[in-house]
Amino acid sequence: MKQDMIIILDLGSQNNTAIARAVRDLGVYSEIHPHDISPDKLSQLPNIKGIIINGGKNNLIDGVKIDVNHSTYEAGYPVMSVEHESAACENKRENWPETDEEIKEVLKDFIFNTCQAEPNWNMKNFIEDQVELVKKQVGGKKVLLALSGGVDSSVVAALLIKAIGKQLVCVHVNHGLMRKDESETVIQVFKNQLDANLIYVDASERFLKKLENVSDPEQKRKIIGAEFIRVFEEEAGKLEGIEFLAQGTIYPDIVESGTKTASIIKSHHNVGGLPEDLKFSLVEPLYHLFKDEVRACGIELGLPEAMVYRQPFPGPGLGVRCLGAISKERLEAVRESDAILQEEFTKTGLDKKVWQYFTVVPDFKSVGIKNHARSFEYPVIIRAINTIDAMTASIEQIDWPVLIKITDRILKEVPHVNRVCYDLSPKPCATIEWE
Ligand code: XMP
């Protein structure tokens, strides 16, 4: 293994991720693990140099105080505890200092003086370690990957191609909720340019049928997730020897779907909707990465910049942007208005500046005038946000002339639409997606 690692134990503190990132900023790889990680699990993690027990006031589950396993102190690693009364270690701190600079100093002292860790965290080493871990996990077996063409699945594909070559079978499912021309682009890039082992499945009608009359967002996500897995199982059934399913799960997905100590905000289909009878074991090489680190990994793997810096697209696709029960009419309105937004953003260079931008069509109508007559049609909502890691977000302040041009085009070119709105809400209180 190339890189040293610091483990952070999660006792429900709000700053687990900030501490993990601060450790990585000091050049040492860090992972967050559950407070009650077993000695067995701990001993399987490679190159541990030290453990940080990150206590705090939220160390409660159902009103009962939680603690780390006592064996953690006896595992032979240096341990530092912060704001954890019952800690049994030499490095015991009442709390973290106030400023980021001071926190950095505390971490530096622990990581480099106490733990003697090397600052060897970089993407080259991360990739080499993951290649080794994946090879060990997979052996000679085949791995199936849902290749949506988004950053995460593309980076997983590139990483796995490096690790196991043709043992990776990429499946691109067109669930009918893709952006305009998106599936065509995936085929073009992966099949034609990257020569991946790619299977294309058009399952549009099947997904739309399953989603008929379903309006609850969580229900929609679960149906899409479950249907995805079923399509993969069918594809796997046609192939010989598939035992693993690769996923582009990244750290924010895990946090927002609820760790043991964090409440559920939203279930993301790639971690929330897996059916109980799942036959595959999971391969998730990006599990501990933040979004910006995934991009750096993609660049290091030699993926084209346009692909690596491409804006994210949620697994359930336009399905969570066509609000409520999906209708073909409104789905087309989302797809067409989204395409106009993409086009205009590309013309003005906003595509390189804004992190995520899309349109949403709600399931209610408003009154308007079209061709001198009363119209009763759908609104389109534009959303454009900036963020580092999708955990918080601010809106892009788009120039009025650009917004007006986009509005004009949507009103002229998209059927069944008579109104365009701009969403001004940051995250929090809003989430990035509307559902
Ligand atoms: P939210 O709406 O939770 O979105 O603020 C944060 C980021 O995650 C994307 N997103 C999803 N990605 N499956 C995904 O793979 C999902 O169900 C899902 N929901 C939201 C969203 O587009 C944003 O980038």
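As the structure lists them, so they are numbered: ligands from 1, and atoms in each ligand from 1.
Geometric assessment of Arg383 against the ring of Tyr357 yields a negative cation-pi assignment under the 6.0 Å and 45° thresholds.
Side-chain contact check for Gln188 and Thr185: no donor-acceptor pair (N or O, by modelled atom type) lies under 3.5 Å. No side-chain donor from either of Gln3 and Asn125 sits under 3.5 Å from a side-chain acceptor of the other.
With distances taken over non-hydrogen atoms, the option nearest atom 21 (C) of ligand 1 out of Met391, Glu433, Gln311, Arg321 is Glu433. Between Ser148, Gly248, Pro314, it is Pro314 that holds the heavy atom closest to atom 9 (C) of ligand 1. Of the candidates Gly319, Ser153, Pro316, it is Pro316 that places a heavy atom closest to atom 13 (N) of ligand 1. Around atom 17 (O) of ligand 1, the closest heavy atom drawn from Lys291, Lys222, Arg383, Arg221 belongs to Arg221.
Centroid-to-centroid, the aromatic rings of His35 and His84 stay 6.0 Å apart or farther. The ring of Phe290 has its center closer than 6.0 angstrom to the ring center of Tyr251.
Contact annotation: for Trp434 versus ligand 1, there are no heavy atoms closer than 4.0 Å.
Considering backbone and side-chain atoms alike, Ile432 places an N or O below 3.5 Å from some N or O of ligand 1.
Shown in contact with Gly315 at under 4.0 Å from a heavy atom are these atoms of ligand 1, numbered in order with element: 12 (N), 13 (N), 14 (C), 15 (O).
Counting heavy atoms from C-beta on, the side chains of Leu318 and Cys322 never come closer than 4.5 Å.
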